> 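Dropping the structure in here first, questions after.
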Amino acid sequence: MPFALLGGLTPRVFLARHWQRRPLVVRGAIPDFREPLGVAELFRLASHGEVESRLVRRSAREWRLEHGPFSRATFARMPDSRWTLLVQGVNLVAPGVDRLMRRFAFASYARLDDVMVSYAAPGGGVGPHVDSYDVFLLQGKGRRRWRIARPRPYRLTARAPLKILADFRPEQEWVLETGDLLYLPPGWAHDGTALAPSVTYSIGFRAPTAQELAIAYLQFLEDRVSRKGIYADPGLKPQRHPARLSDDLIERYARLLHGFPVSLSDVREFVGCHLSEPKSHVRFERPTRLPGKQRFVRMTARRGLHLAAATIMLYRGRQFFVNGESVTARHGRALLARLADRRALEPGIFPAEDAAELLYTWYRSGYLDLGEADG
Ligand code: SIN
Ligand code: CO
């Protein structure tokens, strides 16, 4: 089915033509885009210690970078132009932003990383730079001019607090309006400048470097390993079950680990636990009043349930990976796979004993909640 999000391309055609290969601009990717987050809410998030935020200011001669949290008064004092606030991992704390991110689940949840939301005053931006991962830049409020150039070895500006390209020569440019989208493969240089107060949602993908992966796998070798290469999947096919870990993904992980004495079954276990590991600052809220298991099952049947926005749930066969833990489900595999793919179970479902036990454990840990997701 053609997809407004991808400019009329099906996910299959998009993945074959553009993914990890060439940029795509989509006008009206989300027609009548109603933003899941207001600017005041973004400023409020930036005042939280557990949310990562940065403030970038540019003047004619220099760039300045500060790390949050920022008091609300900081923003009231900012000038009318040439600054931007960047807030990382907004999907973890704003369910509407999590839902926005999951529109891109055709590449699988294992590849999605997070949504960074930026607010830029006119003239604001983070300067020309390169990211090492695929990114969809979705324009919210306002307008932003993007200039891009193809990958090549770039020089970095000396003494800047951010990685800014010294020799960026734009090859193409567009002004994105609310609801427009720019897809960039890894390595494409880009420079976004707000033309009016502007909000950008950056849906970023996860591409562990071989070095990061080796460290996670062999922590005790941390200081001795040195590896080259990066995860890539040109030719990726659309994933009907976005939470399912495909053979192709497992094999690519195994290839990045080539040379280590590892078996494919070790890699399967490692990849599932590693990819479902929540970011270090994530805390799950346990229910304040815990019903007994039988009551929980009846409530599930009446109200349905949904995964917490920060929960990562993946699976392979009967093996389920939830927030860094691995369990094998003897019964109820289809039900749990459905929960993982859709991130919710509708009312009217009575989970069988084995699945009910797991769901109850996850509920107690705050990994899932009853009813529909709010926001
Ligand atoms: C921004 O939103 O200002 C920067 C996003 C990016 O370049 O990746
Ligand atoms: Co970027």
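No experiment lies behind these values; they were computed from the predicted model shown. When reading the values below, keep in mind they use all heavy atoms of this one structure, side chains included, and skip hydrogens, waters and symmetry mates. Order of listing sets the numbers, starting from 1, for every ligand and every atom in it.
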> For residues 110-129, which residue pairs pass the ring-ring contact (aromatic ring centres under 6.0 Å, His included) check, not counting sequence neighbours?
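Residue pairs passing ring-ring contact (aromatic ring centres under 6.0 Å, His included), neighbours aside: Phe43-Tyr119, Trp83-Tyr119, His129-His190.
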> Only counting residues at least two apart or in another chain, list the ones meeting side chain to side chain donor-acceptor pair (under 3.5 Å) with Ser276.
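Partners of Ser276 by the side chain to side chain donor-acceptor pair (under 3.5 Å) criterion come out as none, since no residue qualifies.
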> So, does Ala120 sit close enough to ligand 1 that a heavy atom of it is under 4.0 Å from the ligand?
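For ligand 1, residue contact (heavy atoms, under 4.0 Å) with Ala120 is absent.
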> Can you name the atoms of ligand 1, numbered from 1 with element, that are less than 4.0 Å from a heavy atom of His190?
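It comes down to these atoms of ligand 1: 6 (C), 7 (O), 8 (O).
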> Among the heavy atoms of Leu184, does any lie under 4.0 Å from an atom of ligand 1?
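It does not, in that no heavy atom of Leu184 comes within the 4.0 Å cut-off of ligand 1.
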> Which ligand 1 atoms does Ser118 reach within 4.0 Å, using its non-hydrogen atoms?
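Taking each heavy atom of Ser118 in turn, ligand 1 has 1 (C), 2 (O), 3 (O) under 4.0 Å.
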> Which residues pass the side chain to side chain donor-acceptor pair (under 3.5 Å) test with Glu173, sequence neighbours left out?
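With neighbours one apart ignored, the set is Arg147.
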> What atoms in ligand 1 come closer than 4.0 Å to a heavy atom of His129?
6 (C), 7 (O), 8 (O)
> Does Leu137 come within less than 4.0 angstrom of ligand 1, counting non-hydrogen atoms of the residue?
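True for this residue.
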> Of Asp131, Val135, Val126, which has the heavy atom at the shortest distance from atom 8 (O) of ligand 1?
Asp131
> I'd like to know whether CZ of Arg44 has more than 12 heavy-atom contacts from other residues, nucleotides or ligands below 6.0 angstrom.
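Correct, the count exceeds 12.
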> Using a strict threshold of under 4.0 Å (side-chain N to carboxylate O), is an ion pair present between Asp248 and Lys237?
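Salt bridge absent between Lys237 and Asp248.
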> With the threshold set at 4.0 Å, does a side-chain nitrogen-carboxylate oxygen contact exist between Glu66 and Arg54?
no
> Among Ser202, Ser198, Gly204, Pro128, which one puts a heavy atom closest to atom 5 (C) of ligand 1?
Ser202
> If waters are left out, how many protein N/O/S atoms lie within less than 2.8 Å of the Co ion (ligand 2)?
3
> If the contact criterion is a heavy-atom separation under 4.0 Å, does Tyr201 count as touching ligand 1?
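Distance cut 4.0 Å: Tyr201 fails for ligand 1.
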